[in-house]
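Letters go in sequence order (proteins before strands), and every chain restarts at 1. Predicted model, so just to flag it, every value in this text is computed and none were measured.
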Number of protein chains: 2
Amino acid sequence: MGMDERKFRILQAIIDDYILTAVPVGSRTISKKYDMGLSSATIRNEMSDLEELGYLDQPHVSAGRIPSAKAYRLYVDQLLHQGLLHSDSESAIRAHFLGRMRQMEDVIDHAAQVLSNLTNYTAVVLPPTGPQPRIRTLQLVPVSNNAALVVIVTDSGIVRDAVIRVSEQLDSDTLYAISKTLTKELSGRTLKEAVELLPQITGRMQDNEKLLQGLNNFFQENSDAANHHAHVAIGGRSNILNYPEYSDTEKARSFLSLMETRDKLASIIAQQGEMAFTVRIGPETGVPEMADCSIVTATYSTGNGQQGTIGVIGPTRMQYNRVLSILGTMGHQLSELFSDD
Amino acid sequence: MGMDERKFRILQAIIDDYILTAVPVGSRTISKKYDMGLSSATIRNEMSDLEELGYLDQPHVSAGRIPSAKAYRLYVDQLLHQGLLHSDSESAIRAHFLGRMRQMEDVIDHAAQVLSNLTNYTAVVLPPTGPQPRIRTLQLVPVSNNAALVVIVTDSGIVRDAVIRVSEQLDSDTLYAISKTLTKELSGRTLKEAVELLPQITGRMQDNEKLLQGLNNFFQENSDAANHHAHVAIGGRSNILNYPEYSDTEKARSFLSLMETRDKLASIIAQQGEMAFTVRIGPETGVPEMADCSIVTATYSTGNGQQGTIGVIGPTRMQYNRVLSILGTMGHQLSELFSDD
DNA sequence: TGTTAGCACTCACCGGAGTCGAGTGCTAAC
DNA sequence: GTTAGCACTCGACTCCGGTGAGTGCTAACA
């Protein structure tokens with residue numbers, strides 16, 4: 001007993017219907033609503049086969065069938081294969097990014113907001129990571145008598161700053177001079193390299209221990225990959241409550257408290273390879289709290305080859321084609337936006 | 001019929017019990033659990049009076065009583081008046097802030113996290129606002145051929161930055177020279193004043209339209225009060241689900257989606273005067289979605305007289321004394337932290 | 001051999017009746 | 001003024017039979 005064309009069409013109909021209604025689908029429904037030219041009895045036989053093949057589950061004997069994770073997987077693979085991602089939402093997304101976005105974080109937050117609005121699911125946007133960013137400029141700005149702000153601009157256009165203590169009374173011009181030296185020596189280096197180079201360089205300068213120490217910490221902290229997850233943007237956290245799957249308060253709570261922990265969420269979303277799209281369905285997510293969720297992700301890239309991830313989390317009966325299309329478009333938009341800078 | 005000592009003690013017992021159990025309180029419960037030396041019948045009479053006075057509500061005739069908003073108000077006023085805020089959580093909070101916090105936002109996020117953990121309610125922390133911050137230093141850092149990063153350091157130690165376009169090819173030294181001029185002219189001014197002064201100053205410089213335009217926008221945007229709300233920190237969003245009052249999914253959803261809109265939330269939390277503590281109960285919040293929530297806020301201040309707000313949102317049957325004590329301690333800690341810088 | 005009509009069977013869901021018990025208000029006695 | 005006693009109310013829970021969607025199986029048909 002194999003999976004012939006007809007079985008597939010019936011399965012597809014079942015999935016479509018279930019995605020729409022969240023109610024177990026019966027044989028009669030399929031034979032009537034989706035005119036297959038087959039009687040309910042025939043559909044029943046096929047459904048029985050499909051259940052045996054593992055594509056359908058039956059909550060109880062006198063209810064209809066619901067698609068299994070395996071069924072969604074097949075469905076999604078089909079979608080991805082034939083690539084019918086008609087981007088109708090293109091203009092909607094584009095419109096949202098017309099206003100100039102100033103900072104990385106603004107863009108990310110905004111993207112998550114838009115994604116969740118368009119899909120009605122929970123959206124997560126991770127900032128770009130990838131090849132270590134290289135320092136372009138480093139500048140020290142006086143803040144008070146014994147503190148300075150260190151600002152680095154990297155080739156990815158991302159700016160990082162922190163206040164560090166400086167022991168001596170350093171005026172603006174001195175700080176500028178130091179900045180120039182540091183920029184000259186460190187420009188083109190990654191933050192990791194900078195950590196190693198720092199002692200050599202400062203050895204030649206008049207030593208200022210506190211400054212050195214501060215810079216060192218700063219580089220160390222910022223070169224740390226974990227830190228990149230600091231600015232995960234999440235939108236539509238409570239959207240999951242729109243779906244009957246999560247009308248159970250206990251379930252909703254465990255989901256929502258997972259949404260609170262950015263770090264965990266980031267690592268869940270981030271675990272993906274080079275794929276343009278990733279779809280993880282139910283158990284495939286590897287997260288118990290998401291046993292009946294699906295996670296769809298896409299990537300975008302910045303001018304200098306860094307990669308970021310955008311993702312949508314919803315019930316397994318997700319509108320995959322819609323979500324994939326929207327993610328695709330959003331990915332393009334973000335890539336464009338970031339390659340501009 | 002007035003409110004005598006005994007009535008008050010009974011009311012207090014009812015409130016305490018209801019806060020604990022969230023179940024309508026009967027006369028028998030009071031007479032047994034809180035040994036008043038009175039029979040249930042007497043309590044019943046008193047409760048009947050208290051209901052007439054508007055301190056108790058009866059969900060239906062054969063259920064116990066629940067405290068009204070008016071009752072909580074009395075209870076809280078009493079608490080505030082006698083000031084018995086024993087800060088047991090002092091050390092817990094202090095411990096959480098031992099590690100150096102680098103940025104304003106980190107502190108704020110962290111504070112919200114800690115607050116929500118300690119109270120088990122939803123916590124909101126607003127960054128300091130108040131007297132317009134005054135510019136201390138302004139510096140332009142080259143980013144690319146046609147863009148520069150403008151960084152201002154204000155007297156409150158808050159740093160704001162943005163990338164602006166510059167048309168001509170300006171090298172690092174030129175930008176530094178411009179920075180020095182601008183710092184000299186603008187130092188001590190508020191951002192609003194800077195907007196007005198800008199044309200005069202740049203009139204004397206070699207004009208660089210794009211730079212001027214960019215700076216103008218930057219000042220404008222950052223002097224805008226609304227912008228200060230950009231970094232509202234929220235912790236324990238889903239804590240509300242721990243309480244039976246919000247086991248109704250529909251209610252939970254409307255609450256949670258309110259928690260998603262930072263702006264609205266900020267304005268709700270922020271509306272308060274000079275008070276050290278504010279307690280708004282149920283209808284007093286003025287927000288329909290929070291008809292059976294209470295909002296408790298406290299303030300903290302920075303070295304230069306700016307004020308921030310921290311708040312906790314929970315069900316009306318909130319553990320007010322605990323929350324007030326924790327908020328008080330947190331307020332102190334934050335004030336200390338910010339006056340340091 | 002595949003398709004279909006028919007039929008008995010299953011079982012979740014719904015609404016109504018009955019029961020239980022917590023809690024009240026009232027009255028009369030202390 | 002306080003309390004014991006009692007009738008009454010009403011939500012919560014349980015039990016139960018009816019209903020209907022849906023299934024599996026069988027036998028007939030093309």
Does a nitrogen or oxygen in the side chain of B:Ser27 sit under 4.0 Å from OP1 or OP2 of C:dT24? yes

To the nearest angstrom, how far is A:Asn45 atom CG from D:dC25 atom P? 10 Å

Short side-chain N/O contact from A:Ser39 to OP1 or OP2 of C:dT3, under 4.0 Å: no

Whole angstrom value for the distance that separates C1' of C:dG23 from NZ of B:Lys32: 14 Å

C:dT10 base to A:Ser62 side chain: any donor-acceptor pair below 3.5 Å? yes

Do the side chains of B:Glu245 and B:Lys251 get close enough for a salt bridge, i.e. N-O under 4.0 angstrom? no

Suppose we call a contact any N or O donor and acceptor under 3.5 Å apart; does that hold for the side chain of A:Arg44 and the base of C:dG2? no

5′-ward residue of the pair B:Val61/B:Ala41 relative to DNA chain D: B:Ala41

Once you round it to whole Å, what is the distance between C1' of C:dG23 and NE2 of B:His60? 8 Å

Rounded distance (Å) that lies between atom C1' of C:dT3 and atom CG of A:Asp49: 14 Å

If the cut-off is 4.0 Å, is B:Arg65 near the phosphate of C:dG25, judged by side-chain N/O to OP1 or OP2? yes

Which pair of heavy atoms, one from A:Ser116 and one from A:Gly236, lies closest together, and at what distance? OG-N, 3.4 Å

Salt bridge (Lys or Arg N to Asp or Glu O under 4.0 Å) partner of B:Asp17, chosen from B:Arg317, B:Lys33, B:Arg65, B:Arg28: B:Lys33

For C:dT27, what is the paired nucleotide under Watson-Crick or G-U wobble rules, both distances under 3.5 Å? D:dA4

CD1 of B:Ile43 versus C1' of C:dA22: gap in Å, rounded? 16 Å

Rounded to the nearest angstrom, tell me the gap between atom CG in A:Leu56 and atom P in D:dT23. 10 Å

B:Leu327 side chain reached by B:Leu115 side chain, heavy atoms, under 4.5 Å: yes

Return the pairing partner of C:dT19 with a 3.5 Å limit on both distances, Watson-Crick or G-U wobble; otherwise return none. D:dA12

OP1, OP2 of D:dT2 versus side-chain N and O of B:Arg6: anything below 4.0 Å? yes

Please report, rounded to the nearest Å, how far the C1' atom of D:dG24 is from the CD atom of A:Glu52. 13 Å

Atom CE of A:Met47 and atom P of C:dT3: how far apart are they, to the nearest Å? 16 Å

Between atom OG of A:Ser39 and atom NZ of A:Lys32, what is the distance when rounded to the nearest 0.5 Å? 13.0 Å

